[in-house]
Amino acid sequence: MERDPDNVTLRDEVKPLRSTRLSIHAPSSFNFWRTVYSHGWCVLAPFSCNVEAKTLQRVLTLADGNVVSCVLSAGSRRVDIVVQSHASLSDEHQREIANQLRTCLRLNEDFSGFHHEARRFPRYRWIATSNSGRMLRSPTVFEDVVKMICTTNSTWAPTTAPLNNLARVDVRRVDSDALAFPEAHTIAGASEKTLRTEIRAGYRAPYLLQLAQGAASGKLDLEEWRSSRATTEELFKKMLTVKGIGPYAAGNLLRLVGRYDYLALDSWVRSQYYALHHGGRKVKDSTIERHYEQYGTWRGLFFWLEMTRDWHDEKYR
DNA sequence: GCGTCCAGGTCTACC
DNA sequence: GGTAGACCTGGACGC
């Protein structure tokens with residue numbers, strides 16, 4: 001037995017794991033690996049990925065509290081899933097797993113308009129031919145916001161540490177390695193001191209606590225952001241009212257709720273842009289924004305895909 | 001091995 | 001409205 005930072009007893013019980021195979025239909029415009037490897041989410045717990053095997057692993061928490069571990073791989077016009085669980089999976093469990101993964105992979109979103117737009121510009125035709133555009137996201141907006149706050153003012157290593165540690169505040173796991181992402185009420189029940197020192201969220205601890213308390217109490221309806229009918233600018237302003245979310249974080253969160261008209265500039269994408277367009281010479285943010293104005297409401301997605309093209313296409317390295 | 005410096009985005013106080 | 005400094009961590013670097 002071990003104890004988590006808030007003295008919740010954990011039991012390492014050895015239970016047999018069951019394996020269940022599922023598959024979900026994918027549209028012809030879907031590219032599994034380009035979606036998985038679209039940004040850093042695929043390596044932030046409870047996501048993980050195997051670059052060689054081109055598989056994505058994800059631990060999911062189901063509505064009844066069961067926790068399952070899924071390994072996803074590309075099939076022909078489908079995504080193949082191997083689910084490991086302690087409990088046998090009912091039809092309802094399987095439907096819920098499929099729905100959560102569809103949400104993560106953005107399978108229910110229509111990118112035909114984006115790909116049609118990409119074909120209009122010779123420099124972006126590769127986006128349509130490679131079926132790029134879907135960006136991996138978490139099953140819940142809450143998890144995406146927690147992760148986004150952890151990426152701010154931080155290099156990648158300090159971002160991953162608190163997110164890996166956060167899973168330890170929850171007692172649910174599939175096995176000793178596969179920990180679930182804690183729900184809002186679990187984080188809300190932790191102390192600021194625990195979040196600051198043991199989870200290593202540092203000065204972000206009060207932001208995470210306030211966020212979790214708001215989400216757990218229902219005062220902050222984060223999940224509504226994905227279906228909001230507000231304009232993108234209104235939604236952007238609403239996101240900025242959450243402590244810990246500034247322009248960079250809000251711009252990136254907008255992409256994860258399906259809005260692409262903000263560039264979400266940070267130090268890394270700026271340096272990429274300088275290198276690609278100005279031989280490494282710094283330019284003003286307004287210059288970058290002017291450059292992408294012509295691409296309308298999709299400009300944030302064109303920008304991100306252009307900046308990360310060399311992740312997939314070696315000839316651009 | 002230890003100490004110092006730096007990068008990173010947001011908040012808050014101040015002008 | 002704009003700006004400066006604080007916040008915190010881990011990596012890089014020098015000794």
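Here is how names work: the chains are called A, B, and so on, in the same order as the sequence lines, proteins then strands, and each is numbered from 1. Note: hydrogens, waters and symmetry copies are ignored here, and every other heavy atom, side chains too, is used.
A:Tyr273 and A:Glu306 form no side-chain donor-acceptor contact under 3.5 Å, judged by distance and modelled atom types alone. A side-chain donor-acceptor contact under 3.5 Å links A:Ser90 and A:His93. Side-chain atoms of A:Asp144 and A:Trp41 include a donor-acceptor pair closer than 3.5 Å.
OP1 or OP2 of B:dG9 lies within a sub-4.0 Å distance of a side-chain N or O belonging to A:Ser267.
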Close N/O contacts between protein and nucleotides 8-10 of chain C (under 3.5 Å):
unit_1	atom_1	unit_2	atom_2	d
C:dC8	OP1	A:Arg196	NH1	2.4
C:dG10	OP1	A:Arg200	NE	3.3
C:dG10	OP2	A:Arg200	NH2	3.3

Close N or O pairs between protein and nucleotides 12-15 of chain B (under 3.5 Å):
none

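A:Leu208 places its CG atom 15 Å from the C1' atom of B:dC11, with the value rounded to the nearest Å.
Summary of helix geometry: the two end axes of the helix from B:dG1-C:dC15 to B:dC15-C:dG1, each defined by five base pairs via their C1' atoms, are inclined to each other by 40° (rounded to 10°).
Nucleic acid contact for A:Pro247: sugar-phosphate only, since backbone atoms but no base atoms lie under 4.0 Å from a heavy atom of the residue. Note on A:Ile149: nothing from the nucleic acid sits closer than 4.0 angstrom, heavy atoms only.
Side chains of A:Val68 and A:Arg58 form no contact here, defined as non-hydrogen atoms less than 4.5 Å apart.
In this structure, A:Arg255 is not positioned above the aromatic face of A:Tyr260 in the sense of NZ or CZ being under 6.0 Å from the six-membered ring centre and within 45° of the axis.
For the pair A:Glu143 and A:Lys147, the salt-bridge criterion is met [side-chain N within less than 4.0 Å of a carboxylate O]. Look at A:Arg95 and A:Glu92 and you find a salt bridge, because one of the NZ, NE, NH1 or NH2 atoms lies within 4.0 Å of a carboxylate O, short of that distance.
For A:Glu233, the CD atom counts as loosely surrounded, since its 6.0 Å shell holds 12 or fewer non-hydrogen atoms of other residues, nucleotides or ligands.
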>> One pair to check against salt bridge (Lys or Arg N to Asp or Glu O under 4.0 Å): A:Arg259 and A:Asp261. What are the steps and the verdict?
In response: CA-CA 6 Å; A:Arg259 313 286 188 112; A:Asp261 27 13; over 6 Å; no

> Please walk me through it: do A:Thr308 and A:Tyr37 pass side chain to side chain donor-acceptor pair (under 3.5 Å)?
Replying inline: CA-CA 10 Å; A:Thr308 58; A:Tyr37 215 63; over 6 Å; no

